[in-house]
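Input: a single structure, listed below in structure tokens.
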Amino acid sequence: MSSKLFNQLRTIYRTSYHIANLRTPNPKPNIPVRRSFLIAPQILLQARPYSDVIQGKDGLKSGENVNRASISSLNEAELVKFSAIADTWWDADGPFKPLHAMNPTRLAFIRSTLCRHFSKDPYCARPFEGLKFVDVGCGGGILSEPLARMGATVMGIDAVDKNIKIARLHADLDPVTSSIEYRCTTAEKLVEEHREFDAVLALEVIEHVAEPTEFCKSLSALTASHGATVISTINRSMRAYATAIILAEHFLHWLPKGTHEWSKFLTPEELALILHRASISIKEMAGFVYNPLTGRWSLSDDVGVNFIAFGTKTNQ
């Protein structure tokens with residue numbers, strides 16, 4: 001079994017290396033990449049388009065006795081999967097170790113882009129004072145808590161009740177984070193409540209939902225006019241399959257086997273198109289690169305595996 005996986009990994013790396021060498025490098029690698037698809041997403045309509053017509057398990061399409069407000073992006077199998085490991089959210093060496101290691105880099109991107117967008121001082125201890133954020137798919141709160149410490153009024157939502165209970169217990173240990181409002185609910189439910197936020201964040205979530213298109217529409221509906229949306233996920237590339245699944249799950253055991261399904265990943269182009277259709281215009285995108293020598297992540301223009309995108313709500 002190990003030999004088979006190793007041979008598969010070697011083949012994938014050779015393929016991804018060849019593809020990577022065909023890529024035109026960014027002449028300014030320290031600046032998050034802005035690619036042509038961010039300017040003209042309409043040219044991507046022929047590249048694995050996501051239709052506005054919803055096809056559910058029941059075979060019904062949009063308009064055929066379906067109440068669109070009731071459509072949920074929940075994936076029941078994913079909920080069961082994450083509920084089983086909910087108790088380990090704050091174990092830095094547990095199943096969520098990669099997220100703990102990546103968190104400082106994710107926060108650096110969020111702080112930089114949102115401070116620029118909202119004209120805030122990035123060097124201030126609490127730059128998000130006066131802003132309302134929602135952390136969609138908050139898990140145990142490892143992103144919600146630092147956002148609250150940076151001054152934001154934070155709501156964390158998750159469809160797994162155990163996640164919310166863990167998040168509340170941990171947040172209550174600190175008076176600053178105890179102000180976070182945690183709710184076991186979905187983005188769709190908040191839309192029904194007509195809630196709006198200055199910034200909507202969904203990090204490492206979209207690859208686990210059933211309907212990415214509907215999910216992004218909900219994120220857009222929750223974003224106030226001229227507000228911001230931040231999404232991070234994994235590229236559907238051969239290199240991502242090699243590193244995020246074969247290497248991370250089968251060899252290094254950073255994640256439980258089956259955590260990710262390669263077919264559910266989105267390419268940056270596909271994410272840009274989905275968000276464009278949901279009235280979110282991507283302004284900045286960056287990749288996450290892992291250094292095995294230091295054990296740290298850094299921002300890069302390489303979006304071949306993990307990447308993060310910042311967008312703004314456009315007026316209808």
Any sub-3.5 Å donor-acceptor pair from [X]'s side-chain atoms to [Y]'s backbone N or O?
| X | Y | result |
| --- | --- | --- |
| Thr105 | Trp297 | yes |
| His117 | His226 | yes |
| Thr177 | Ala171 | yes |
| Lys120 | Glu129 | yes |
| Ser179 | Val176 | yes |
| Trp262 | Ser237 | yes |
| Asp135 | Leu143 | no |
| Thr88 | Asp91 | no |

Heavy-atom distance under 4.5 Å between the side chains of [X] and [Y], does that happen here?
| X | Y | result |
| --- | --- | --- |
| Leu222 | Met155 | no |
| Asn291 | Ser298 | no |
| Ile234 | Asn306 | yes |
| Ile231 | Cys216 | yes |
| Leu107 | Leu147 | yes |
| Phe288 | Arg106 | yes |
| Asp158 | Tyr182 | no |
| Asn163 | Cys138 | no |

To check you understand the geometry: which heavy-atom pair defines the closest contact between [X] and [Y], and what is its length?
| X | Y | answer |
| --- | --- | --- |
| Leu266 | Pro212 | CD1-CB, 4.3 Å |
| Lys97 | Ala92 | CG-O, 3.2 Å |
| Pro268 | Met285 | CB-SD, 3.7 Å |
| Pro127 | Cys115 | CB-SG, 3.6 Å |
| Ala187 | Ile157 | N-CD1, 3.7 Å |
| Ala286 | Phe109 | CB-CE1, 3.9 Å |

Same cluster or not: are Met102 and Val289 linked, directly or through other Ile, Leu, Val, Met, Phe, Trp or Tyr residues, by side-chain heavy atoms under 4.5 angstrom apart? no
Lys/Arg N to Asp/Glu carboxylate O, [X] vs [Y], below 4.0 Å:
| X | Y | answer |
| --- | --- | --- |
| Glu193 | Arg183 | yes |
| Asp172 | Arg168 | no |
| Arg149 | Glu145 | yes |

Let me see the working for Asp302 and Arg239 under side-chain contact (heavy atoms from CB on, under 4.5 Å), right down to the final yes or no. CA-CA 11 Å; Asp302 181 2; Arg239 192 148 54 97; 2.9 Å; yes
Mind running side-chain contact (heavy atoms from CB on, under 4.5 Å) on Ser218 and Thr186 for me, showing each step along the way? CA-CA 9 Å; Ser218 295; Thr186 64; over 6 Å; no
Rounded to the nearest 0.5 Å, how far does [atom2] of [Y] lie from [atom1] of [X]?
| X | Y | atom1 | atom2 | answer |
| --- | --- | --- | --- | --- |
| Asn103 | Ile110 | CG | CD1 | 8.0 Å |
| Phe118 | Thr113 | CZ | OG1 | 9.5 Å |
| Asp301 | Phe307 | CG | CZ | 14.0 Å |
| Asp198 | Phe133 | CG | CZ | 7.0 Å |
| Ser263 | Tyr241 | OG | OH | 10.5 Å |
| His170 | Ser144 | NE2 | OG | 12.0 Å |

Passing option when Arg236 is tested against Glu270, Glu269, Glu207 for salt bridge (Lys or Arg N to Asp or Glu O under 4.0 Å): Glu270
Excluding sequence neighbours, so at least two apart, what forms salt bridge (charged side-chain N to carboxylate O under 4.0 Å, His left out) with Arg296? none
Residue among Val200, Ile280, Thr314, Val191 satisfying side-chain contact (heavy atoms from CB on, under 4.5 Å) with Ser220: Ile280
Is it true that, when you exclude Lys162 itself, more than 12 heavy atoms of the residues, nucleotides or ligands shown sit nearer than 6.0 Å to its NZ? yes
How are the rings of His100 and Trp90 set to each other: parallel, tilted or perpendicular (split at 30° and 60°)? perpendicular
